[in-house]
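Positions are given from 1, in the same order as the sequence printed here. Each ligand, and each atom within it, is numbered from 1 in the order the structure gives.
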Amino acid sequence: MIDVLVNGAAGRMGREVVRTLTAADNIRTVAAVDPGHDGRPVDDGAGGELICSADLAAALEASRPAVMVDFTHPDAVEENLRLALAAGVHCVLGTTGVAEERLRELSGGAPDVCLFVAPNFAIGAVLMMRFAQEAARFMPHVEIIELHHDHKADAPSGTALRTASLIAASRGDAPASPGRETELAEGARGALVNDVCIHSVRLPGLVAHQEVIFGGQGQTLTVRHDSIDRTSFMPGVVLAVREVVSRSGLIIGLENLMGA
Ligand code: NAP
């Protein structure tokens, strides 16, 4: 049995994680943390409830989980990780917006436990990134459009940043990004990350979507992934919870747990 604390349990992702882990074999949700929901229940999807706590340190001490799953906020996540790793608790991190360098520092302070980070827990998104990385070897002219719901805190998305980094690692010299010097409105050509243009769309009605568009002579190629429901992320979260307990150190990307 793997005991799990869910951090951000009252959020859009956290609620789905509580329901999913409660239904999973050999996993037990032992604590729920969410400061804005202190003392209030979260439905576990199985006819029961978990009462949220506001105090992560106290919840770690009281419930002694093997794993913390964190879907909170970029401003809160570093402190959350610091507390959990110091308590010897493996971490499954879904919250985006933390620089890789910072993750490395945090993980380095707790070498015996695993800090697993997935910019995207959906299998289709992992494949989209892989196909984009492969295409970039042959079609180096590429731009990313990522589209998310209007409550997303960070931009560009963690998935877009990861995709840009994978593209940069696989293509040779980056072609110039044209039109930047002649923008009529600032930002019209998007953000340049690893020499890849990223455009961030935020609209109600969206969940999490990304297009990677390659341009070549007389042709384009588009690789697109759509998470139309947050359940798309749940098999990846369950896999990560099962895997981290037998691993250590920093691992970034679901592909590293899938044997893919
Ligand atoms: P959300 O609905 O705003 O949920 C976040 C929850 O965390 C809220 O209930 C929030 O409370 C709470 N929270 C804030 N500070 C906290 C703290 N210090 N400790 C514990 N809980 C805290 O956001 P979401 O849509 O679930 O997304 C959460 C994160 O997951 C975002 O960074 C998002 O980009 C990321 N995400 C990742 C993936 C992936 O596959 N890796 C997929 C989807 C989303 P308040 O509302 O009171 O502030």
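Side chain to side chain, S177 and R180 meet the donor-acceptor criterion of an N or O pair below 3.5 Å. Judged purely by distance below 3.5 Å, without hydrogens or angles, the side chains of T72 and D70 pair a donor atom with an acceptor atom.
In this structure, NE2 in H73 is found 8.0 Å from CG in D154, a value given to the nearest 0.5 Å. The OG1 atom of T96 lies 3.5 Å from the NZ atom of K152; values are rounded to the nearest 0.5 Å.
The contact set between ligand 1 and K152, taken as ligand atoms under 4.0 Å from a residue heavy atom, comprises 34 (O). Per-residue contacts place M13 under 4.0 angstrom from the following atoms of ligand 1 (heavy atoms of the residue considered): 26 (O), 42 (C), 43 (C), 44 (C). Close approach of ligand 1 to A10 (heavy-atom distance below 4.0 Å) involves ligand atoms 9 (O). Residue contact check: N7 has heavy atoms under 4.0 Å from atoms 19 (N), 20 (C), 21 (N) of ligand 1. Using a 4.0 Å cut-off to heavy atoms of F121, the atoms of ligand 1 that qualify are 39 (C), 40 (O), 41 (N).
For the pair R82 and E79, the salt-bridge criterion is met [side-chain N within less than 4.0 Å of a carboxylate O]. A salt bridge links E211 and R224; the closest N-O separation between the charged side-chain nitrogens and carboxylate oxygens is under 4.0 Å. With salt bridges taken as basic N to acidic carboxylate O contacts below 4.0 Å, none links E134 and R171.
Between the choices D154, T72, V17, the shortest heavy-atom distance to atom 5 (C) of ligand 1 belongs to T72. Counting heavy atoms only, D34 comes closest to atom 8 (C) of ligand 1 of the residues D34, V237, V33. Here atom 37 (C) of ligand 1 lies nearest to G94 when heavy atoms of G36, G94, A59 are compared.
In this structure, atom 1 (P) of ligand 1 lies nearest to the protein heavy atom R12 NH2, 3.6 Å. Of all protein heavy atoms, the one closest to atom 15 (N) of ligand 1 is A76 CB, 3.9 Å. Looking only at heavy atoms of the protein, atom 4 (O) of ligand 1 is closest to G11 CA, 3.2 Å. Nearest non-hydrogen protein atom to atom 30 (O) of ligand 1 is F71 CD2, 3.3 Å.
At least one protein heavy atom sits closer than 4.0 Å to atom 18 (N) of ligand 1.
For an aromatic pair to be called close, the ring centres must be under 6.0 Å apart, and F214 with F131 fails this.
Counting heavy atoms from C-beta on, the side chains of V77 and L93 come closer than 4.5 Å.
With R202 as reference, E146 is the one residue of H151, H149, E146 to meet the side-chain contact (heavy atoms from CB on, under 4.5 Å) rule.
At a heavy-atom cutoff of 4.0 Å, ligand 1 is contacted by both the backbone and the side chain of T96. With a 4.0 Å cut-off on non-hydrogen atoms, P119 touches ligand 1 through its backbone and not its side chain. At a heavy-atom distance under 4.0 Å, no atom of E79 approaches ligand 1.
Using a 4.0 Å heavy-atom cutoff, A118 is listed among the residues neighbouring ligand 1. Ligand 1 has P35 within reach: a non-hydrogen atom of the residue lies less than 4.0 Å from it.
The aromatic rings of F116 and F121 lie perpendicular to each other, with more than 60° between the two planes, well past the 30° mark.
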